[in-house]
Amino acid sequence: MNSEGEVEAEYFSKDFEWEELRSEIESNPSLRHHFQSFSSSSSSSSSSSSSSQSPQSDVQAWKQFHTRHSTGKFFKERRYLLKEFPELLSSSPSNSNPKLLEVGCGNGSTILPILRANKDIVVYACDCSDETLEKAKEIITANAVDSFKHRFYTFCCDVSTNGFPNWLACNTCRDQFLQKQSCCLSDFKEDNGLHLRESCSSDEFDRCVGGVDFITLIFTLSAVPLERMPKSIKECFTVLKPGGMVLFRDYGLYDMTMLRFESAKRVGFREYMRSDGTRSYFFCLNTVRNLFLGAGFIELELDYCCVKSVNRKKGKSMRRVWVHGKFQKPALQ
């Protein structure tokens, strides 16, 4: 579900202070609608109907998005992520083939530079669209060497509604952590995130990954409706090995993209719907922190990435705001 992206950003940066931007935005009367409380009764009828859009409609909107934008500026390799997340670059003697799960892989713009940079890493990539996954495989294959085909695997999955497949984290890899046997984690209710389902089928067991070392959530969570975000993060918690990490980057509050939305495009507080049916949420640090800590993660890094980007053609300076985060699953005691 990767969206329109981060045009000129090369690395984690502080070109300006977020608090200064916030003060400027919130004192501008023409931008007042962005930070006012949201009420569906006060929104337009189109926004109100959009807020109740079904998961199937969300998926279809992103399928159409990636069909329209499969090349050009929407496929720029995100090499800067290797500077922000150097953990992806190396392997340790105790873990010679680390496993990465890329959630919402889109066309593969995050995956390709990682596969190139780390010759040992194994990547599992999912997206809600089979068509998008096929395009990602085409791009990876076109740019790949022979070793890629044994280190890159795709599967279709909408984690916010259906969760991850059992084979990503089977019972044999979870027993010690959960002090349970013959169980697989998959489904969640309103509990502590450890709702158990029956064991993996024999077919799933044969494909068992046994948990992953890293998960990348790169401009993916913002495309998920706010009410389905907690489930998505809890699902990430269950498929990570103890000590594993989520590497997070997404739209930050008062990013230039947010300020372009008109009032009629609001479908929630800090949540907007584009004309093509895709949605975007803009995160403050506390929202991200509460989502991850609520699922059981430990916060390692969390900050705004504030970048001034220059559009040379139009001669305009744009202030981009993203949230950078690293969160770890507690290690076994």
- Query: Using 4.0 Å as the upper bound for N to carboxylate O, is an ion pair formed by R22 and E17?
  - Reply: no
- Query: Do the side chains of T257 and F282 get nearer than 4.5 Å, heavy atoms only?
  - Reply: yes
- Can D255 and R320 be counted as an ion pair, charged N to O under 4.0 angstrom? yes
- Query: Do you know the tightest heavy-atom contact between M229 and V224?
  - Reply: CE-O, 3.2 Å
- Item | Member of K265, R279, H34, R260 meeting the side chain to side chain donor-acceptor pair (under 3.5 Å) criterion with Y272 | H34
- Query: Atom OG1 of T110 and atom CG of L115: how far apart are they, to the nearest 0.5 Å?
  - Reply: 11.0 Å
- Message: Under a 3.5 Å distance rule, please check whether T132 uses its side chain to pair with a backbone N or O of G106 as donor and acceptor.
- Response: no
- Message: Assess the residue pair C157 and N162 against the criterion (side-chain contact (heavy atoms from CB on, under 4.5 Å)); give the C-alpha distance rounded to whole Å, side-chain angles, the decisive distance to 0.1 Å, and a yes or no.
- Response: CA-CA 7 Å; C157 174; N162 301 320; 5.7 Å; no
Return a table of donor-acceptor pairs under 3.5 angstrom between the side chains of residues 293-300 and protein atoms on other chains or two or more places apart.
unit_1 : atom_1 : unit_2 : atom_2 : d
E299   : OE1    : R289   : NE     : 2.7
E299   : OE2    : R289   : NH2    : 3.4

- Could you walk me through whether F214 and I114 pass the side-chain contact (heavy atoms from CB on, under 4.5 Å) check? CA-CA 12 Å; F214 301 101; I114 294 172; over 6 Å; no
- Task: Specify whether W18 and Y254 have parallel, tilted or perpendicular ring planes, treating 30° as the upper limit for parallel and 60° as the lower limit for perpendicular.
- Result: parallel
- Query: How many angstroms lie between atom SG of C306 and atom CG of L21, to the nearest 0.5 angstrom?
  - Reply: 7.0 Å
- Query: Do you know the tightest heavy-atom contact between S280 and R274?
  - Reply: CB-NH2, 3.4 Å
- Is the side chain of S23 donor-acceptor paired with the backbone N or O of E20 at a distance under 3.5 Å, no angle test? no
- Message: Strictly below 4.0 Å, N to O, side chains only: are R266 and E271 in salt-bridge contact?
- Response: no
- Query: Out of curiosity, L291 CG to K231 NZ, how far, rounded to the nearest 0.5 Å?
  - Reply: 14.5 Å
- Query: Does L88 offer a backbone N or O that forms a donor-acceptor pair with the side chain of N118 under 3.5 Å?
  - Reply: yes
- Criterion ring-ring contact (aromatic ring centres under 6.0 Å, His included) against Y124, the qualifying member of F152, Y153, F164: Y153
- Message: Keeping D15 on the side-chain end and K308 on the backbone end, is there a donor-acceptor pair under 3.5 Å?
- Response: yes
- Message: What verdict does the side-chain hydrogen bond (donor to acceptor under 3.5 Å, both in side chains) test give for D250 and S222, after you've listed the backbone C-alpha separation in whole Å, the side-chain angles of each residue and the deciding distance to 0.1 Å?
- Response: CA-CA 7 Å; D250 218 319; S222 59; 2.6 Å; yes
- Message: Looking at R228 and E235, is there a salt bridge between them, counting it only when a charged N and a carboxylate O are closer than 4.0 Å?
- Response: no
- What distance separates L112 CG from R79 CZ, expressed to the nearest 0.5 Å? 8.0 Å
- Between F283 and F248, how do the two ring planes meet: parallel, tilted or perpendicular, split at 30° and 60°? perpendicular
- Query: Any side-chain heavy atom of V323 within less than 4.5 Å of one from L285?
  - Reply: yes
- Item | Minimum side-chain heavy-atom gap M318-V307 below 4.5 Å | no
- Message: Please check: side-chain N/O of R151 versus main-chain N/O of I121, any donor-acceptor pairing under 3.5 Å?
- Response: yes
- Item | Heavy-atom side-chain proximity of I215 to L247 below 4.5 angstrom | no
- Query: What class does the angle between the rings of H324 and F85 fall in, given that below 30° is parallel, 30 to 60° is tilted and above 60° is perpendicular?
  - Reply: parallel
- Message: Applying side-chain hydrogen bond (donor to acceptor under 3.5 Å, both in side chains) to D127 and S129, what does each step give before you reach the verdict?
- Response: CA-CA 5 Å; D127 200 277; S129 165; 4.9 Å; no
- How many angstroms lie between CZ in R270 and CG in L253, if you round to the nearest 0.5 Å? 4.5 Å
- Note on the structure: On a heavy-atom basis, the closest approach of G211 and K99 is O-CD, 3.8 Å
- Message: Using 0.5 Å steps for rounding, measure from the CD atom of E87 to the CG atom of L82.
- Response: 11.0 Å
- Task: Report the residues that fulfil side chain to side chain contact (heavy atoms under 4.5 Å, CB included) with C156, sequence neighbours left out, ordered by chain and then residue number.
- Result: D130, L133
- Query: Is any side-chain heavy atom of S109 closer than 4.5 Å to a side-chain heavy atom of E77?
  - Reply: no
- Would you please test E24 and R319 for side-chain contact (heavy atoms from CB on, under 4.5 Å) and show each step? CA-CA 12 Å; E24 177 184 330; R319 288 177 293 185; 2.8 Å; yes
- Query: If you look at every heavy atom in L89 and A117, which pair is closest and at what distance?
  - Reply: CD2-CB, 3.5 Å
- Message: Determine whether K241 and D213 satisfy the following criterion, salt bridge (Lys or Arg N to Asp or Glu O under 4.0 Å), listing intermediate values before the conclusion.
- Response: CA-CA 6 Å; K241 295 177 182 177; D213 301 282; 3.6 Å; yes
- Should S232 and L221 count as side-chain neighbours, where that means a heavy-atom distance under 4.5 Å? yes
- What one should report as the nearest heavy-atom pair of M273 and G277 is SD-O, 3.0 Å
- Task: Let me know which of F219, W322, F261, Y281 forms a ring-ring contact (aromatic ring centres under 6.0 Å, His included) with Y251.
- Result: F219
- Query: Would a 4.5 Å heavy-atom cut-off, applied to side chains only, mark K329 and M245 as touching?
  - Reply: no
- Query: Going by distance alone, is a donor N or O of one side chain under 3.5 Å from an acceptor N or O of the other, for T216 and E102?
  - Reply: yes
- Is any side-chain heavy atom of L100 closer than 4.5 Å to a side-chain heavy atom of V122? no
- Stepwise side-chain contact (heavy atoms from CB on, under 4.5 Å) check, V246 with K326: CA-CA 6 Å; V246 173; K326 296 180 185 180; over 6 Å; no
